[in-house]
**Student:** 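Below is one structure. I have some questions about it.
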There are 2 protein chains.
Amino acid sequence: MPATIRDVARASGVHISTVSRTFSAPHLVNPETRVRVLACAEDLGYRPNRAARALITGRTHNIGLIIADIANPFFPPLIKAAEGQARHRDYHVFVADTNEDAAAEEELVHALAKQVDGVLLCSPRMSNSLIEQVSREVPVVVINRHVAGLPCVVMDVGQGARSAIEHLLGLGHRRIALLCGPRGSWTNREIRRAAGAAARSGGAELTLLGPNPPTETGGGAQAEQVCRSGVTAVLAYNDLMAIGLIEGLDQLGLRVPEDVSVVGVDDIALSRLTRPKLTTVATPTAAAGRTAVDMLLQHDSEPRPRGGGRAVVVGDRRTTAQVMLQTELVIRDSTGPVPGSGRTRPGGLPDGPGPHRRADPGGPAGTTGGVVAS
Amino acid sequence: MPATIRDVARASGVHISTVSRTFSAPHLVNPETRVRVLACAEDLGYRPNRAARALITGRTHNIGLIIADIANPFFPPLIKAAEGQARHRDYHVFVADTNEDAAAEEELVHALAKQVDGVLLCSPRMSNSLIEQVSREVPVVVINRHVAGLPCVVMDVGQGARSAIEHLLGLGHRRIALLCGPRGSWTNREIRRAAGAAARSGGAELTLLGPNPPTETGGGAQAEQVCRSGVTAVLAYNDLMAIGLIEGLDQLGLRVPEDVSVVGVDDIALSRLTRPKLTTVATPTAAAGRTAVDMLLQHDSEPRPRGGGRAVVVGDRRTTAQVMLQTELVIRDSTGPVPGSGRTRPGGLPDGPGPHRRADPGGPAGTTGGVVAS
DNA sequence: TTCTTCGCTGCAAACCTTTGCAGCACGAGC
DNA sequence: GCTCGTGCTGCAAAGGTTTGCAGCGAAGAA
């Protein structure tokens with residue numbers, strides 16, 4: 001039923017190759033012929049069949065985006081940014097959700113491999129060696145994880161965690177808990193490493209709680225543990241857990257920030273809407289999505305050798321750039337001076353705008369510039 | 001580089017058609033041959049090329065999911081459910097975001113048409129006639145909108161709005177505002193219609209505010225207007241707007257629910273996390289996603305005529321089922337008795353669990369069953 | 001022995017497009 | 001008049017798979 005290139009050719013009285021060229025190499029066809037063909041195509045509602053084109057060009061003009069959990073509000077802005085950037089370059093995005101399951105991840109990469117030109121692996125739960133393995137099947141850009149030899153986009157959560165701990169130290173906290181994220185998360189390891197170092201050099205004690213699922217429930221479930229441990233401040237793996245924790249603490253009768261200070265990571269939209277508003281480490285998620293698409297497509301736009309002969313590999317051309325995007329601590333209302341210290345907030349007035357304090361609206365500014373590490 | 005069916009055939013010493021049959025019609029090939037072929041395939045890491053298969057079968061095993069705004073937390077659960085259901089049936093989902101733009105929607109349907117077997121149009125902003133038009137190009141199931149002659153999945157927001165208004169009437173409110181959603185939204189019209197009727201029959205006055213963008217910002221921007229209008233309760237188009245409104249009212253010094261009661265629609269996860277927790281009309285989003293996929297694929301699993309000859313159309317086989325899913329009012333903390341009435345909450349104690357009151361965790365129960373309307 | 005039947009396998013067309021190559025007409029230069 | 005170049009178009013192969021049809025060998029029936 002849908003018009004093919006042949007229908008257009010018949011209607012305009014030319015060969016199909018001329019129709020093809022009308023679209024893919026217009027300068028090669030006589031202007032008069034061109035307008036005639038275009039008119040017929042328009043008339044028949046012809047649209048080239050991308051699948052058939054992919055068969056011969058080897059380019060599908062699709063990219064796969066594999067996500068641990070779409071329902072986690074951290075991801076949608078990233079997806080949206082990636083999708084926009086891809087569309088800009090005439091690419092479509094296939095989004096797949098793995099439910100935080102490593103096996104599902106692998107399965108999906110395989111299933112997608114043949115119908116996409118590359119895959120964005122977002123916060124993968126797979127092992128590094130498995131990632132390397134699948135990357136031999138299809139070009140891959142990894143987001144939120146560092147894998148040697150593969151193009152990666154990561155956020156500098158280490159720096160963020162350090163800032164968060166220093167912020168808490170400055171408020172007088174010396175007993176701090178780290179609410180860990182899921183096992184296998186690179187981000188989790190980074191945060192733990194940096195927070196541990198910062199706490200140590202500040203003379204504070206850091207209690208590790210977890211691993212936990214990176215959800216509100218995961219955070220809430222640790223409320224009692226936090227309570228029992230006697231810490232006065234908590235750095236959570238992400239905002240969702242921080243919010244769940246605040247909720248859980250509330251039910252135990254502990255108030256935030258009066259009794260316990262809580263810091264999250266990510267700066268999801270939600271963190272501005274809860275009460276108290278969440279102090280958190282803002283990560284440039286949208287920029288990460290855009291950057292990853294660019295890296296994938298840059299590597300991808302090199303012409304692919306064609307024909308039956310074996311491709312000549314001109315050395316390993318993989319430009320394994322690794323980009324690290326900067327993070328920024330955003331101080332809101334979920335952190336305060338250590339209880340019983342008589343201190344006030346560093347900004348002066350208990351609720352006044354402090355030095356780092358940020359107005360409500362507006363996304364992370366100045367976080368789009370990346371540091372190229374390698 | 002990736003192994004093709006030909007490589008497997010060569011390795012196992014059979015014709016490619018036998019390899020093909022090994023996968024698509026195993027009962028037609030000798031068990032011995034089968035195991036040999038499977039072993040070779042496994043060995044070479046062969047995966048059938050879905051694009052090539054699509055070319056001949058006319059089935060891509062992909063479905064498109066067109067969403068107004070991924071970043072709106074209403075959608076991710078729907079996407080996730082649709083994706084899971086699709087994967088169950090060996091389908092993949094391409095998600096596309098239109099930024100609430102009707103033109104982008106149309107463009108995307110066209111772009112996707114050839115590489116998917118059908119499209120899920122989710123809360124479309126296009127006109128009905130345009131939807132009908134694109135539905136001639138590719139099978140379509142519409143979600144959150146009623147379009148005559150097309151398969152649709154809608155939520156009974158009318159019933160939900162009625163319950164919400166009745167709940168407010170029961171609390172003594174007689175001056176109520178309706179915070180409208182975006183122009184072109186079917187849901188918006190339904191809510192307006194049902195809320196208007198319910199208010200009228202309850203002797204209350206309903207003030208319409210809007211249209212507004214369906215976001216926190218959109219809700220917050222109307223706070224002043226709400227304040228000035230002197231209403232004591234507000235029903236918002238969705239939770240996001242309700243939350244934004246509460247935020248805005250708070251900044252104007254009005255407290256919820258003491259000064260103003262607010263009801264949302266959707267019951268997004270977020271509505272349990274804000275303070276006060278939101279009273280809202282729960283919509284079965286996940287069920288909607290699953291149902292829509294089922295409707296699309298049921299209609300799709302009918303064998304497609306093949307060969308050069310023109311297809312014989314056996315009457316219009318489009319089973320244009322229209323499913324309406326039930327909604328449920330969830331009473332939480334953002335609604336209370338009209339100010340100065342001396343009333344208490346209907347449950348008895350000001351904060352005790354009322355009859356409809358629901359415990360925190362757990363999704364909407366009993367909302368998966370649908371009412372088939374036609 | 002001859003004829004069927006049956007189970008399995010091979011053959012080749014078809015799906016829709018891209019692209020290197022060849023062919024054609026025409027004008028210019030010699 | 002012949003050659004050459006140029007601008008445009010047609011031809012046909014290729015890409016990976018599915019599938020109707022035919023063929024083949026063996027077993028069973030007559």
Side-chain angles (χ1 to χ4, degrees), chain A residues 1-37 40-41 44-61 113-115 117 303-311, chain B residues 1-37 40-41 44-61 113-115 117 303-311:
Chain A
M1 193 66 214
T4 77
I5 201 173
R6 231 171 295 271
D7 299 323
V8 179
R10 205 175 314 129
S12 47
V14 298
H15 195 259
I16 54 165
S17 52
T18 304
V19 179
S20 174
R21 275 188 279 258
T22 303
F23 291 98
S24 52
H27 60 281
L28 288 181
V29 18
N30 188 319
E32 282 180 41
T33 318
R34 198 179 349 175
V35 299
R36 189 154 36 97
V37 170
C40 289
L44 294 165
Y46 168 74
R47 308 234 163 203
N49 183 328
R50 293 173 85 123
R53 172 185 295 174
L55 199 54
I56 189 157
T57 61
R59 295 263 97 97
T60 62
H61 269 245
K114 286 285 190 359
Q115 44 190 348
D117 295 341
R304 231 186 62 151
R306 196 183 150 259
R310 278 285 152 257
Chain B
M1 194 68 212
T4 79
I5 200 173
R6 232 172 292 273
D7 299 323
V8 179
R10 205 174 314 130
S12 46
V14 298
H15 194 260
I16 55 165
S17 53
T18 303
V19 178
S20 174
R21 275 188 279 258
T22 303
F23 291 99
S24 53
H27 60 282
L28 288 180
V29 19
N30 187 317
E32 282 179 42
T33 319
R34 196 180 348 175
V35 299
R36 189 154 36 97
V37 170
C40 289
L44 294 165
Y46 168 73
R47 310 236 162 202
N49 183 328
R50 295 173 83 124
R53 172 185 296 172
L55 199 54
I56 189 156
T57 61
R59 296 265 97 97
T60 63
H61 269 243
K114 284 287 188 359
Q115 43 190 349
D117 296 341
R304 231 187 61 153
R306 195 181 153 260
R310 277 286 150 258

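Computation of the quantities below employed the complete heavy-atom set of this structure, encompassing side-chain atoms and omitting hydrogens, waters and symmetry-equivalent molecules. To find a chain, count down the sequence lines: A is the first, B the second, and so on, and within it residues start at 1.
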**Student:** Counting only side-chain heavy atoms from C-beta out, which of dT19(D), dT9(C), dC8(D) sits nearest to S17(B)?
**Tutor:** dT19(D)
**Student:** Rounding to a whole Å, what distance do you find between K114(B):NZ and dC15(C):C1'?
**Tutor:** 13 Å
**Student:** Okay, side chain of T22(A), backbone of T18(A): is any donor-acceptor separation there less than 3.5 Å?
**Tutor:** yes
**Student:** Measure the spacing between CD1 of I16(A) and CZ of R21(A) and express it to the nearest 0.5 Å.
**Tutor:** 10.0 Å
**Student:** Can you tell me which nucleotide in dC8(C), dT9(D), dC16(C) comes closest to the side chain of A52(A)?
**Tutor:** dC16(C)
**Student:** Tell me which nucleotide among dT9(C), dG10(C), dG10(D) gets nearest to the side chain of N30(B).
**Tutor:** dT9(C)
**Student:** Do the side chain of R36(B) and the main chain of S12(B) share a donor and acceptor less than 3.5 angstrom apart?
**Tutor:** yes
**Student:** Can you check the R53(B) CZ to dG16(D) C1' distance for me, whole Å?
**Tutor:** 11 Å
**Student:** Quick one: CZ on R34(B) to CG on L28(B), what's the gap to the nearest 0.5 Å?
**Tutor:** 9.5 Å
**Student:** Can you tell me how far P of dT9(C) sits from CD of E32(B), to the nearest Å?
**Tutor:** 9 Å
**Student:** In whole angstroms, how far is the P atom of dA13(D) from the CD1 atom of I16(A)?
**Tutor:** 13 Å
**Student:** L55(B) side chain: which of dT18(C), dC15(C), dT17(C) is closest?
**Tutor:** dC15(C)
**Student:** Of all the base pairs, Watson-Crick or G-U under 3.5 Å, which form stems of three or more consecutive pairs involving DNA chain C?
**Tutor:** C:1-30 with D:1-30
**Student:** Answer yes or no: does a side-chain N or O of S20(A) lie under 4.0 Å from OP1 or OP2 of dT18(C)?
**Tutor:** yes
**Student:** Please name the pair of heavy atoms, one in R47(A) and one in K114(B), separated by the smallest distance, quoted to 0.1 Å.
**Tutor:** O-NZ, 2.9 Å
**Student:** Roughly, in whole Å, what's the span from CG in L28(A) to C1' in dG20(C)?
**Tutor:** 12 Å
**Student:** Using a heavy-atom cut-off of 4.0 Å across all strands, would you classify R50(B) as base, sugar-phosphate, or nothing?
**Tutor:** nothing
**Student:** Does T33(B) or N49(A) map to a spot on DNA chain C nearer the 5' end, using the closest nucleotide for each?
**Tutor:** T33(B)
**Student:** What pairs of nitrogen or oxygen atoms, one from the protein and one from nucleotides 21-28 of chain C, lie under 3.5 Å apart?
**Tutor:**
none

**Student:** Testing the basics here: between Y46(A) and I5(A), what is the closest heavy-atom pair and its distance to 0.1 Å?
**Tutor:** CE1-N, 3.3 Å
**Student:** Send over the distance from I56(A) CD1 to dT19(C) P, rounded to a whole Å.
**Tutor:** 7 Å
**Student:** I want to confirm an ordering. Mapping T18(B) and R47(A) to their closest nucleotides on DNA chain C, which one lands closer to the 5' end?
**Tutor:** T18(B)
**Student:** Between D7(A) and T4(A), what is the shortest heavy-atom contact and its length?
**Tutor:** OD2-N, 2.9 Å
**Student:** Going through the checks in order, is the side-chain contact (heavy atoms from CB on, under 4.5 Å) test met by V29(B) and V37(B)?
**Tutor:** CA-CA 10 Å; V29(B) 19; V37(B) 170; 5.9 Å; no
**Student:** Rounded to the nearest angstrom, tell me the gap between atom CD1 in I5(A) and atom C1' in dT17(C).
**Tutor:** 6 Å
**Student:** In whole angstrom, give the distance that lies between atom CZ of R59(A) and atom P of dT19(C).
**Tutor:** 12 Å
**Student:** Go through dT17(C), dC8(D), dT17(D) for me and flag the one nearest to the Y46(B) side chain.
**Tutor:** dT17(D)
**Student:** Would you mind classifying the nucleic acid contact of V19(B) as base, sugar-phosphate or nothing, using non-hydrogen atoms under 4.0 angstrom?
**Tutor:** nothing
**Student:** If you look at every heavy atom in P26(A) and S24(A), which pair is closest and at what distance?
**Tutor:** CD-C, 3.7 Å
**Student:** What are the two closest heavy atoms between A41(A) and F23(A), and how far apart are they?
**Tutor:** CB-CZ, 3.8 Å
